[in-house]
Structures are given as C-alpha cells and as structure tokens.
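A short write-up of the structure that comes next.
Below, read A as the first sequence line, B as the second, and so on, with proteins coming before strands; counting in each chain starts at 1. The structure presented is a predicted model; accordingly, all values stated were derived computationally and were not measured.
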There are 2 protein chains.
Amino acid sequence: MKKTSLNDIAQQLGVSKTLVSLVLNGKGNEYRISEDIQKKVKELARKLNYKPNQIAKGLRTGKTNTIGLIIADIANPFFGKLGREIEREAASHGYRVMFCSSDEKAENAKLQIEMLQQGQVDGFIISPPNGSEEQIKQLKNSKTPFVLIDRYFPEIESNCVVVDNLKASCEGTEHLIKNGRKRIACITTNPGMLNMDNRLDGYKKALTDAALEVDENLIKILPFSHEIKDVMEAIKELTSLDENKIDAILFTTSKVGVMGIQCLHLLDLKIPEDVAVVSFDDLDAYKISRPSITAIAQPLEEIGKHSVKILLEAMTDKSKKKELHKIVLETKFVIRNSSIK
Amino acid sequence: MKKTSLNDIAQQLGVSKTLVSLVLNGKGNEYRISEDIQKKVKELARKLNYKPNQIAKGLRTGKTNTIGLIIADIANPFFGKLGREIEREAASHGYRVMFCSSDEKAENAKLQIEMLQQGQVDGFIISPPNGSEEQIKQLKNSKTPFVLIDRYFPEIESNCVVVDNLKASCEGTEHLIKNGRKRIACITTNPGMLNMDNRLDGYKKALTDAALEVDENLIKILPFSHEIKDVMEAIKELTSLDENKIDAILFTTSKVGVMGIQCLHLLDLKIPEDVAVVSFDDLDAYKISRPSITAIAQPLEEIGKHSVKILLEAMTDKSKKKELHKIVLETKFVIRNSSIK
DNA sequence: CTGAAAGCGCTTACAG
DNA sequence: CTGAAAGCGCTTACAG
C-alpha cells in the first residue's frame, strides 16, 4: 500500500509530472491542456486515491496550511472552547491547527514558538504569557504573521483580539453594588498580565464611581501558579477581617472562581446570603451549580473567528503595508442566583 | 531576517553541507570530523540562530515528529483534559500534536485522517466515531501506526487504551442500590458505540446481580447529537411514570450529566432526596455543584501516557511483527453528596 | 499545449 | 576525515 505520488500518475499516463500537477491544481484550462488528457489525469488520480504530499508541497511553496495555537492550557475550559472555535474557523478555510499549552510560562512559549517556526506553521495565534515580550518581538521581526488573543503588550504593535476587560469587570462590580453589597472583595491572579490588571482596575473604578472606598485589604492577588490552598487562605483572611466582613467576591478568572466557590462551600458560607459571587468566564459548572453563578461571559466564537480571519489576512496579504488590527469585543454579563438578593 | 539554512553555514565556513548536517546531528565523532571544525560549525550555528527546517527534514526522512489526535470535541472537558495529557506526554518525547474535533461524525474523522495522512503526521491517536470502522481498517491497511482511545472496534485488531466501562458502570449502580435506591434510571447516548453499550450493560448487570428488575422504561437512550431539550424530555418521562417514580439516575457521560442536573434543578427535584445522581467523568462542575456530584472518574493521565507510549513504540519498532497492545484501565469511583442518603 | 529542469532544505549512501 | 551527488515529492519559471 505505498502511497501514490505525482510521478506514479505521470508515468502510468506517459506524461510529465508538470502536466499532472497543473491539472490537479485546477490550472489545466489556464495552461490550455487538452480536455482529454485532463480527464484521464483526474480519473487516474481518483482511481489511485492520490493525495498530494502536503509536506513536499509545503517545502516547495513555503506554505503549510497550518496555524500554531499557543495558549495557557487546553484543559482549561476557557481555552478548550476557544480552541474549538479557532479550529472550526480555521478548518473552514482549509487550515489545520497545532496546539501547544504554555502553562503561562514564557520559557515554554518561547520553545514552542521556536519549534513551530521552523517551517511547521504559516502563522500563530498566541495568548502570550507574562514575560514573553521578547519572544513576541522576535516573532514580529521575523515577519511571521501572528495575532495575540486574550491579552497583548501595549508597547508592541501587533494584531490582537481581546475583550473590554475593564468595562466587563466594572459592570460586574456595579451589579454587586446595586444589589446592596458594600464590602466587595476581588480575588485575582497573574499580576502584570494586561487583562488581569484591567479587570482589577475595572473593579476599582466601579467602587470609586459609587463613592465606595477601595480597600487594599479586600484585594487578593494570588501567586502565579495558584492552588486551592492559596485561594482558601485568601478567602479565610477576607472573611475573618475584624471590622465588617466582606459580603461579595469578584473572581477575575474561572479557575480561581471554581476554587473559590469550593472554598466558600467548605467554610459553610452561604452564597449569596453571606457572600455574593460574580466570576469571569462562563462555565457549565456555573450553570448547574446551586446557586447558579453570575458570570462575565466572553464571546468565544467571535474571538475565534476574528483571530483566524485576521491571521489569514496577514498571511495572504502580500503587500508590504500590512494593516494591524486591534479588535476589542464586548463581554456578556449573565446574571444568575449567586449575586442577587 | 531570512532564516539561516544549512547551506548558509556551509558556505560561510567553506565546508560542505554534508559536514554541517553531520556535526549538527551529533554524528561528528562517529564520522571522525575534527574537533576543530565541529566547534566552528556549532558556534556559527548558534550565532546565526540556526534551526533546521523541520519540513525539509520531514520530507527527506519521512518523519514529522507530529501526532494526529482525533477526538470528538476539544471543548468537551473530558477530551480537553485528555488532550492535555497527550500533549504533555508527546512533548516529553519531542513530539507535537495536531488536533481535530470530529464531533463524533465518521465523515469528519475520515476527512481529517485522510488529510493528516498525507505526510503530516507519523501516527494517530483516535477516538473513533460510530461508523468509522472502514476508515480505521484503511488506516490499518496503510500501515500507519495508530492507537484507539475511549472505544475500539472488537472486529478490528488494533492498539487501544480504554477503561473497564462495564465494571465502572456496575460499580456506580451498585452504589446506588446499596444506598437504598430501587428505581434507578439510566440516561445514555450514542448507542452502538462500544463504551456506551458497555456502560449500559454494567448498569443492567448491577440490577440483575441485586435481583432487581431491569425495566426498559427506565432506560433512556438519547439521539446521537443531543440537546438539553432531549434530556429534559427524558427526565420528564422518567419522573412522571404512573406507578413508582424513579429515585436515582445514572448518567453515562458528563455531557448528558451536566444537562440532566440542570433539568433536575429546573424541575425542582431535589438531589439526592428525590433523585440520587451518579455520572460518568469527573468535572470541576461536579466538585462545586451543590450537592456535589458522585462521579466515575477516568484516569486521564494514564490514558494519555499509555496511548502515547504505545504509539511511539509502534512508530519506532521497525520489526515486522508488531505487537498490538490492548490496555484496559480502572476508573476511580468518587462518592460525593448526590448519591448518598 | 506539453516537457525538461531547477529548486525548496534537508539526509544519506557512496566515493575518495 | 570530507565532499559531490542523489533524492524525498512537489511547483514553477522557462523553453519550445
């Protein structure tokens, strides 16, 4: 069952592989190759189940029809769903996707980008970890097309697709305030990452706008790679404050949110009676949880579609003056039982 | 910023690319190339930041160091986590992974396999959809190494890594019986798929072993691509049975389970008081749900490790008498509040 | 209308 | 110890 190559077809038909290649690539008419021969070539190709070797094609044309996707962790539902959307959109344009989980480590992302850059992919969609500025700059210098998602580096001009984190976070916090919460905590992580910083800023802005004090004691910034014990500690501290205890928490990621809700359950704190909860990212878990959890949902399908489209444009646009796109999408605030009276 | 090739190094040093290739592939000593030259080559390679073009290498050697992963849906947490484990294990052996979501459609899997088979991957890890027997047979005929996961086709001899679905399901059902449940329903899907059929059989076996009647009215088999309304309908039927109502449900997938739990909530049925719940696959959602949900957890890390190892073995073993491996792993039963009195 | 030839960037017998 | 050459399977100027 050896695979059939262009040559096999050419030999059997007694023509050159040039001709076969031309016909099979739909350039038969363009080169005015006789209908008769075209038909024969196509028939034999079908009969021998010919499939062009993409690797050889890639070497020759410099195109692989593959996109490199670098995200934090494909097992994280947020990235899993986003990955699916990207895969779907890419497939509809004839592209495949190679995925790499960086675990938010710049070192990993660096290796993965370098690896895939060796002729393996035509471009990248990247959720860049903290500290990967240099890598992204190099990517840019090397003229490899890419688009950043979820976050970006303001000092590096590049394509990117993100959501309005500040606004989203502000909206979530305002909602808690409107529902009578006064001592609202924020548990976040990955400081220095733009999206996270913006979410924290949005929280602060909402408080300030409502003439509430921004109490630094109510802000817990978890270490980079956080575990449930870190979340537990943060919540214990927040709920054992001497004066008035907290009455709400805004979680800036669903990973922290899931852990946080587990902790609240373990501590026998009632949601929303004791502590109201709003979390970034909408999960299945939030829908079936009792109480259901109010969430700030990101438009995953749109992020996927936009990022692929922009990338394709950058990959195919031969003109030197490539336009950079910065897309900022809106989130959707889904009010459930965890945050209302 | 053109990429540097073997030739660039060879020319600058005034040696042949043969030599450069040899040195850079660590065969310098084997071919007794002088230390001096070896050093020069390596230094220049580092200086020029030389990275071999994997595509060219692949064309020449017929190896891509890439694994094709075909699963139902990367956005499904089960496959997302499994994908992560496979990625991790593959990376530790220097392999990348290309993933494709088949949506459980044989047609999609067929196209994806054919696409990647054109020199793009060295082997496959596949969770084969219903009706993809022919495709798998062809894959086998073409001598492409592959391993099936999650399910397999008994009539096709192949590598596979699965769990003991019958036993797991039996165990889950027994647990419900031990906790005093008598009218236990089973909501399942994808009939004809071996893993699903085994799960249903395990449910029946547990009932029979406990001398309970297997009531076909209590078994709901959802259509292939199911939506929440299908689940809702099934549950409504189950809970409105004239005689004695059901007092427990075994969900054979977490996708059905999540929907089912939502429906129970919507119908104001109390878990576990009115209906006890056990579900296949352990999700974050099940941990934070109130009540927490008893789950049959699959050993994702083990599945990932085994499948990659077996595949690598099949890909590297040059001897003709390749051994086929069939690995059956144990699940872990995690008892939570949804199933106990 | 069709074919011979070059070349993408590598590796690997083969020769000396 | 080192190099010239062939070849992996394609595509694409170029020539006729």
- So does B:S16 get a side-chain nitrogen or oxygen closer than 4.0 Å to the phosphate oxygens (OP1/OP2) of D:dG3? yes
- Message: Can you tell me which nucleotide in C:dG9, D:dT12, C:dC1 comes closest to the side chain of B:N53?
- Response: C:dG9
- Sugar-phosphate, base or nothing in reach of B:N25, heavy atoms under 4.0 Å: sugar-phosphate
- Query: With a 4.0 Å cut-off on heavy atoms, is B:K27 in touch with a base, just the backbone sugar-phosphate, or nothing at all?
  - Reply: sugar-phosphate
- Between C:dT2, D:dG9, D:dC10, spot the one nearest the side chain of A:Y50, thanks. D:dC10
- Message: Over all strands shown, is B:L6 touching base, sugar-phosphate only, or nothing at heavy-atom distances under 4.0 angstrom?
- Response: base
- For residues B:Q38 and B:N29, is any side-chain donor paired with an opposing acceptor at under 3.5 Å? yes
- Message: Rounded to whole Å, how long is the line connecting atom CD1 of B:I55 with atom P of D:dG7?
- Response: 22 Å
- Message: At 4.0 Å (heavy atoms only), tell me whether B:T18 reaches a base, stays on the sugar-phosphate, or touches nothing.
- Response: base
- Is it true that B:K40 and B:E43 make a salt bridge, defined as a side-chain N closer than 4.0 Å to a carboxylate O? no
- Which one of B:I71, B:D150, B:L139, B:L69 satisfies the side-chain contact (heavy atoms from CB on, under 4.5 Å) criterion with B:I126? B:L139
- Message: Please pick, from C:dC10, D:dT11, C:dT2, the nucleotide with the shortest atom-to-atom distance to any side-chain atom of A:T61.
- Response: D:dT11
- Would you indicate which nucleotide in C:dC10, D:dT2, D:dT12 comes nearest to any side-chain atom of B:I37? D:dT2
